There are 2 protein chains.
Amino acid sequence: MNPSTANIEEAILSAILAGRIPPGTRLGEQKLADLFGVSRTRVREAMMRLETRGIVQVSARRGWFVVEPSADEAREAFQTRRVIETGLLQTVREVPPPVLASLKEHVAIERQAIETGDVSSRACLLGDFHIHLADALGNRMLTEIIRDLTARTTLISMLYQPTEKAAESSHDHEDIVAAMEAGDLAAAARLMEEHIGKVEAGLDLSAKPDPLASLRELLTPSTFNDVAPSMPHAHGVAVPHAPHHPSKTED
Amino acid sequence: MNPSTANIEEAILSAILAGRIPPGTRLGEQKLADLFGVSRTRVREAMMRLETRGIVQVSARRGWFVVEPSADEAREAFQTRRVIETGLLQTVREVPPPVLASLKEHVAIERQAIETGDVSSRACLLGDFHIHLADALGNRMLTEIIRDLTARTTLISMLYQPTEKAAESSHDHEDIVAAMEAGDLAAAARLMEEHIGKVEAGLDLSAKPDPLASLRELLTPSTFNDVAPSMPHAHGVAVPHAPHHPSKTED
DNA sequence: CTTGACAGCCTTGTATACAAGGCTGCGAGC
DNA sequence: GCTCGCAGCCTTGTATACAAGGCTGTCAAG
């Protein structure tokens, strides 16, 4: 059957979140159209929606790229998540028992994935905790917002994370749920703020904004001034990663 | 010169927010294409983006409609705004003086518009206060989120607001800024929560979700059960408003 | 007079054709 | 040998053509 625009959008997004499509990857319209068995029109629609959601970016006549958030954008994304997620916890008066139960269950699944060493689903699960929280305590709008933000921070982690601290994150989640269970939402909010702060602090935001950063140090700025202005990119370097992996996606 | 997709998107959005296009209005692709002097393709792109942002909705083969949020969606939108805006105020440590100054100026403009009786720009300004706040205290992402949310609540107000309490809203804004100036961000957050709550409480959410509500009370539900199922609408009634105003937009 | 069905029109949905511009690789000139 | 320029290919950008389905207004039957 023909995948709808929403299907394509969702498929690409989940592939990105699962780490199967790294940030910076070029997404050719025709390739995707062939892959999904539809015309470019529908692929374009899906890409345009994902662009509105901040997941991909188009570079005129060059193609669609999975966003590579700059260090600034990374900070913005984390700040935004701090604001919204602590705001959510502080707005809530009490946590219904079923919600607590499902959150505990989620944390348990996290721990299991970490112990099992299931790296691929781990990042996904850690992000899912926050989405789950928004869904349980908030509403659909909030969930959508958090989902898109989490998607961005996941991409950021892929770009900048030098060390994976999955175990610590999961422990943080456990503490947050415990505070919620104790009825201390203010403490939960504080823990959430610390947690997101820790994740942000664990990144090396000076590392990979572009692969040229390390080169740039070796050269005089003037050398680049003759060359760089022709690059149309506003902030993120849209150079396709891994040209040596021409068939990383399933084909 | 040819308006780009972004131009069209922005033009339609601001027309909606200014109240020139009421909720429920049908937006025909061809009409808009002629109006902007482009082909349907670009209009479609713009509409698709606006749909992603929750401003318009497409009903299959019937057309695009400015959303008419249901009472549930209205509550969600206000809850979401409470969460985010109080979260923002509570996350902030201190307010830079220039920010305070510009907020005060904004409130002054609000009061002026209210005193002058400038109804058309009034709603716009009242919403702008919150956008301005997000922009000054937060970041671009937060501002975009707040802007889209404010757009939705503005539409909601158009649908459900029985009485305009612009003066009271502006007074609330003033109080919030005063609390910020006093350095009491917690109080500012509390005032913001009350303010948004008041705006929500000022609506009559049982009133206009659909024009049939008043009729429905007079008739037995079974009468409608034979007729209603053929309606494809999920929640909001997408009947075009005001068929007696065929040329409300400038044409 | 009321009601039901149907035809025509008008709308969006989708694909495709063509235009415009960037990238790559080759070749000529220095 | 190296560099610069250019041609061809490949990509997205845009318009247009056609398909599919909903809506309206008319006409006929009861």
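Note on naming: letters A, B, ... go to the chains in the order of the sequence lines (proteins, then strands), and numbering restarts at 1 for each one. Source: prediction; values computed, not measured.
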Return the value, rounded to whole Å, for the distance between atom [atom1] of [X] and atom [atom2] of [N].
{"X": "A:R26", "N": "D:dC10", "atom1": "CZ", "atom2": "P", "result": "12 Å"}
{"X": "B:Q30", "N": "C:dG13", "atom1": "CD", "atom2": "P", "result": "14 Å"}
{"X": "B:R40", "N": "D:dT14", "atom1": "CZ", "atom2": "C1'", "result": "13 Å"}
{"X": "A:M47", "N": "D:dT14", "atom1": "CE", "atom2": "P", "result": "16 Å"}
{"X": "B:L32", "N": "C:dT11", "atom1": "CG", "atom2": "P", "result": "12 Å"}
{"X": "A:I8", "N": "C:dA15", "atom1": "CD1", "atom2": "C1'", "result": "13 Å"}
{"X": "B:E29", "N": "D:dT14", "atom1": "CD", "atom2": "P", "result": "16 Å"}
{"X": "A:R61", "N": "C:dG21", "atom1": "CZ", "atom2": "C1'", "result": "5 Å"}

Between the side chains of [X] and [Y], does any donor sit under 3.5 Å from an acceptor?
{"X": "B:R81", "Y": "B:T153", "answer": "yes"}
{"X": "B:S4", "Y": "B:N2", "answer": "no"}
{"X": "A:H130", "Y": "A:R147", "answer": "no"}

Taking 4.0 Å as the cut-off, does a side-chain nitrogen or oxygen of [X] come that near to OP1 or OP2 on [N]?
{"X": "A:R42", "N": "C:dG13", "answer": "no"}
{"X": "A:S39", "N": "C:dA15", "answer": "yes"}
{"X": "B:R62", "N": "D:dA20", "answer": "no"}

So which one's nearest nucleotide on DNA chain D is more toward 5', B:A60 or A:R44?
A:R44
Candidate pair A:R122 and A:E110, rule salt bridge (charged side-chain N to carboxylate O under 4.0 Å, His left out), full reasoning:
CA-CA 7 Å; A:R122 186 165 80 182; A:E110 278 178 20; over 6 Å; no
Minimum-distance nucleotide to B:T41 side chain [options: D:dT12, D:dA15, C:dT16]
D:dA15
